[in-house]
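Here is the structure we will look at.
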Protein chains: 2
Amino acid sequence: MSDYIAPLKDMLFVLDLVRQQTAMDQVEALAEFTPDFVAAVLEEAAKFASGALSPLNQIGDQQGCSFDQGTVTTAAGWKEAYQQFCDNGWMGLAMPEAIGGQALPKSIAQPVNEMWLSANLAFVMFHALNQGGSEILLHFGTDEQKQRYLEPLASGQWTIAMALTEPGAGSDLAATTTRATPVGDGSYRIKGQKIFITYGEHDMAENIVHLVLARTPDAPAGSRGISLFAVPKYRIATDGSLGASNDVVCSGIEHKMGLHGSPTCSMSYGDNDDCIGELIGAENKGLMAMFVLMNEARLSTGMQGVGFGEQSYQHSLRYAQERTQGSHFQSGARVTISQHPDVQRMLLSMHSQTMGLRALGYLIAAWIDLSEHSEDDHLRQQLRERIALLTPVFKAFSTEQGNQMSYTCIQVFGGMGFVEETGVSQFMRDARIITIYEGTTGIQARDLVFRKVLGDQGVALQHLLRDINQDADSLAAPLSQLQASLIRSGAAIHGQLRTLLEMAAKDSDQTRLHAGSVPLLEALGLLCVGWQLALLANQAHTRGDSDAAYHSNMIALARFYFAHEMPRIHALMSTVANADDGLKDFDFTAAG
Amino acid sequence: MSDYIAPLKDMLFVLDLVRQQTAMDQVEALAEFTPDFVAAVLEEAAKFASGALSPLNQIGDQQGCSFDQGTVTTAAGWKEAYQQFCDNGWMGLAMPEAIGGQALPKSIAQPVNEMWLSANLAFVMFHALNQGGSEILLHFGTDEQKQRYLEPLASGQWTIAMALTEPGAGSDLAATTTRATPVGDGSYRIKGQKIFITYGEHDMAENIVHLVLARTPDAPAGSRGISLFAVPKYRIATDGSLGASNDVVCSGIEHKMGLHGSPTCSMSYGDNDDCIGELIGAENKGLMAMFVLMNEARLSTGMQGVGFGEQSYQHSLRYAQERTQGSHFQSGARVTISQHPDVQRMLLSMHSQTMGLRALGYLIAAWIDLSEHSEDDHLRQQLRERIALLTPVFKAFSTEQGNQMSYTCIQVFGGMGFVEETGVSQFMRDARIITIYEGTTGIQARDLVFRKVLGDQGVALQHLLRDINQDADSLAAPLSQLQASLIRSGAAIHGQLRTLLEMAAKDSDQTRLHAGSVPLLEALGLLCVGWQLALLANQAHTRGDSDAAYHSNMIALARFYFAHEMPRIHALMSTVANADDGLKDFDFTAAG
């Protein structure tokens, strides 16, 4: 019963705010995407998400993928849905027109992505792979390589697989051992094992282009000796037709807690010394190519938190409005559980989080559009700084909250949530990986504190806090409570920032900074979501009576968030200030 | 690889504190259970938990139970382990000697239970059922009934099943529709459907005694018309031998997210009008009998949170100490992840929560012992008040934290945690039901606020806060930071209590009280865990050099908790004060 209905009204309301916040309509390259056009695209996507993808979600969970002697078969109906997805042109939605895409701005592709992620994350993972892989090829490929790969990727004829992780190495790419030996004709013989390769093998597309990190014979040790190679499953002739198998073999798929529908493959490259790859970009610069991809991959993964939040909220709301249990605390009448205040608390906690995170996710996407298309150099620079600062915050905070919301959803369902048939346990099982892949929460927090905050002496963060303060000042008078709380919360973080900068400058032992990095990230996430909700409330206030019930609910949502979530910022600041308390003295070798 | 090792040292350290806090040695009936005796019992239990139960945990998860035409077969090895469990006398450990039990006090049975719960919760659920069912029969059964049922239950020859929930009714027992019609000979003909019956059918014991809630023909409507019946699977002759089948049929088992090893049954009673039961206690007083059980069941479920916490901690620690990844933030050397401060943060968050919750759980058990065995009337009364106040707090807070810790455990494992083979995803899947069964977190919070706090004008809570303050005052000087924080936190809750009492007195709309009940419960949980950790630190400080590394770690643990968790109390008090903000104005009928 995991029926997804795209929250188009909420999405368009958020997009209106983003448009107004960023003034993106004033940039020529973006102005052509009018609100009416966007609404039409979103409506089409909503139909496909609800009609084609959502019904396959539970089927994928229950059937999973099957593995047999190197081949992987996806669940019933998946192959057909893939073909439909490609035929409808969804694969190339945000890819350049030159390669057959539709070149939609990221801020418009983002709500479309949200629908895919909500409706069926396991299915749609190939989309982010093709999108990201194409970006790498666009940035680093030769003209010939672009010619060879991009069109079939944009059409979905081929898919991308990212072969980064090796057995025993996890997030530590510096430890890569896969080898790439020059053949003499400019190509390389690839040999090595990779694990955790999403859609490394499957039955939905004609060919799979593996982007493989490997070391050339005389590469320096560590992260500076890693190169990137394109390694197709089937060799590609100069005319683009497919040739023989390229000694790329799937040796097994993982039995996972969730995302059963998407195969997570172990791959062997060159077991028979017959695996040929071509270098993408410069030798030894493979990680740089990956880092280009990483920001967008993190943004897209952050949106998965929104996707799970929306699914959790809408399933909980529907169930709570159907399920009669207990009597009302005032009237004594038997009521649906949606009338118990504690259930309402859970519903609003999901709904407010999701709305605020959605706004943040769309906003970052719009900043990316502007940073690419604006003609204002200063603005572009500022936006790049802002994107760099908030990408790890959004990725980590949104995915953590997405998990929490899928947990809350089961709580609303009670015992029925623990039973697989209702479909909501799948949300929680599927969501569990999103705080881990594309860089764990701890890795995002480390990036935030050391690169993004301390790396520029707190300047980018100060700019953000200044802008939030300005936005708070601009709120309409009836929202003065939100205004005061927003200013207080920003000030608490600002105060702590000064302490952090001092600490970093004089303290050689940075344990406290490390141990406090996740709490700091969480506080920034809370602040940003509160900020966006306050702006959404302000927009609702401004629009007033045009759709009174909707606008009044939007204001209520922000007020709820400010009462139930924002106070945690102050608690977190206290934790950041004392984060190494006890931790520094605890002797782990004496434990256990 | 879900190998459980009982943390005997931690358990005994906590028991020492409990013994000292409660002065239970001075009560004659409890004095005979010397520390040496207790240590010996715990050592035996630890062997059984690690040797027999833990190895079956993942097997149960993977194989689950199979259902075929009314029969349920448990996983390989479970039947044999059950026999061993019974042969070793573990079933009757805390049951009276008169019925073949060993009459151990609850405070000693509690750490033993913790080991069972940690090692294999799905398996050992029959134990709480037999324990609880026996208590009901002891309290409400006739002499003849006690004679008939108790010995086979204490030995494990028979098991208990609790048949409360009906399709569509959930926690709402007032909606019970199962009928019980007098036959004329004092027995009743039972007819109805029940769902979610743990071990309602299985292959491990000779007979299953179902305790069934049902209505007699002229019973009043609602919760005052529900009676309790004992309904054996096989009829029992006067000599205790088993006779014909009693028209008790398992119609299916649930496909659940976790706890696969324990069958959750749908039961049909009297499909062929041939199901005979006998009344337990007075007619229409069935819910009262259930409520007797409920406090202990809640305490035992709260311990499940500790069980998952311990498993999560010890698996995470072991993994983090083995897994080399990344380089140290200071030395740059390649290190195990246990040397990254953010991983240490996660480890200590699990370890400190678990230690503090353990201390609270053992303490409540000791209070129950004293409330039964002390000769001081005033003390007994005070303890009953304290038990009533903290049981819902412990149940809800510990199970929520247990879930959070199982989530954190996967985070420490990274991608490997998402893969089923490491066994840690099972902890998270199994744990997901414990905040729901035996009364959801929301139901516990409602009980806390309306019955336990407002019901006595806050007196019991004030007594608790006073005692915590006194204990804070008694902390050794080097723990002055903990002391100050504990006093400040207690004062914050005390201040909010006054507001709550005023609100309840004058405010006819109690939405705010309802919407703030879970946050209030969480704050009390944090305070109690902090209190216990401070006392453990104080005990460690007092013992000092005798086991310096262990004692120093115990102090570090408390300090960590005070830095990372206790500040939330102040945020939660702010939320309690504004809990209906937005929530009261949100129109759910206009949403979704």
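All chains are named by letter (A, B, ...) in the order of the sequence lines, taking the proteins before the strands, and each is independently numbered beginning at 1.
Listed here is the closest heavy atom pair of Ala515(B) and Pro341(A): N-CB, 4.0 Å. The minimum heavy-atom distance linking Ala571(B) with Pro567(A) is given by the pair CB-O, 3.5 Å. Heavy-atom minimum distance, Gly442(A) versus Asp342(B): CA-OD2, 3.3 Å. Of all non-hydrogen atoms in Leu583(B) and Leu348(A), the two that sit nearest each other are CA-CD1, 3.6 Å. Of all heavy-atom pairs spanning Gln330(B) and Gln510(A), the tightest one is NE2-N, 4.2 Å.
When heavy atoms are compared at a cutoff of 4.5 Å, Met416(A) approaches chain B by way of both its backbone and its side chain. Of the two parts of Glu400(A), the backbone and the side chain both hold a non-hydrogen atom closer than 4.5 Å to a non-hydrogen atom of chain B. Using a 4.5 Å cut-off between heavy atoms, Asp430(A) contacts chain B through its backbone alone, with no side-chain atom that close. When heavy atoms are compared at a cutoff of 4.5 Å, Thr511(A) approaches chain B by way of both its backbone and its side chain. Contacts of Arg429(A) with chain B are made by both backbone and side-chain atoms, with heavy-atom separations under 4.5 Å. In this structure, chain A has no heavy atom under 4.5 Å from any part of Pro7(B). For a residue to count as touching a neighbouring chain, one of its non-hydrogen atoms must lie under 4.5 Å from one of that chain's; by this rule Gln404(A) does not touch chain B.
For the atom pair CD of Glu420(B) and NZ of Lys256(A), the computed distance is 10.5 Å after rounding to the nearest 0.5 Å. Separation of atoms NE2 (His255(B)) and OG (Ser425(A)) is listed at 8.0 Å; rounding is to 0.5 Å. The structure places CG of Leu482(A) at 9.0 Å from CG of Asp581(B), a figure rounded to the nearest 0.5 Å. Rounding to the nearest 0.5 Å gives a distance of 7.5 Å between OG1 of Thr264(A) and CZ of Phe418(B). Between the CE atom in Met346(B) and the OG1 atom in Thr440(A) there is a gap of 7.0 Å [rounded to 0.5 Å]. Note that CZ of Arg345(A) and OG of Ser517(B) are 7.0 Å apart. Values are rounded to the nearest 0.5 Å.
By number of non-hydrogen pairs under 4.5 angstrom with chain B, the leading residue of Leu347(A), Leu557(A), Ile555(A) is Leu347(A). Chosen from Ser552(A), Ala558(A), Gly415(A), the residue pairing most often with chain B at heavy-atom distances under 4.5 Å is Gly415(A). Residue with the most contacts toward chain B among Val576(A), Val518(A), Leu259(A): Val518(A) (heavy-atom pairs, distance under 4.5 Å). Between chain A and the residues Tyr437(B), Phe329(B), Tyr407(B), Phe196(B), the most heavy-atom pairs under 4.5 angstrom are made by Tyr407(B). With chain B as partner, the option from Arg559(A), Met573(A), Met257(A), Glu565(A) having the largest number of non-hydrogen pairs under 4.5 angstrom is Met257(A). Of all the listed residues (Gln344(B), Arg432(B), His514(B), Arg334(B)), the one sharing the greatest number of non-hydrogen pairs under 4.5 Å with chain A is Arg432(B). For the options Met428(B), Gln314(B), Gln321(B), heavy-atom pairs under 4.5 Å to chain A are most numerous at Met428(B). Ranked by heavy-atom pairs under 4.5 Å with chain B, the list Asp585(A), Asn553(A), Thr575(A), Asn578(A) is led by Asn553(A). Between chain B and the options Gln411(A), Lys9(A), Met566(A), His570(A), heavy-atom pairs under 4.5 Å are most frequent for Gln411(A).
Between the side chain of His564(A) and the backbone N or O of Ala579(B) there is at least one donor-acceptor pair closer than 3.5 Å.
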Item checked: Check against side-chain contact (heavy atoms from CB on, under 4.5 Å), Thr435(B) and Ile410(A) -> CA-CA 10 Å; Thr435(B) 63; Ile410(A) 294 183; over 6 Å; no

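Counting non-hydrogen atoms of neighbouring residues, nucleotides and ligands closer than 6.0 angstrom, the CD atom of Gln481(A) reaches no more than 12 such neighbours.
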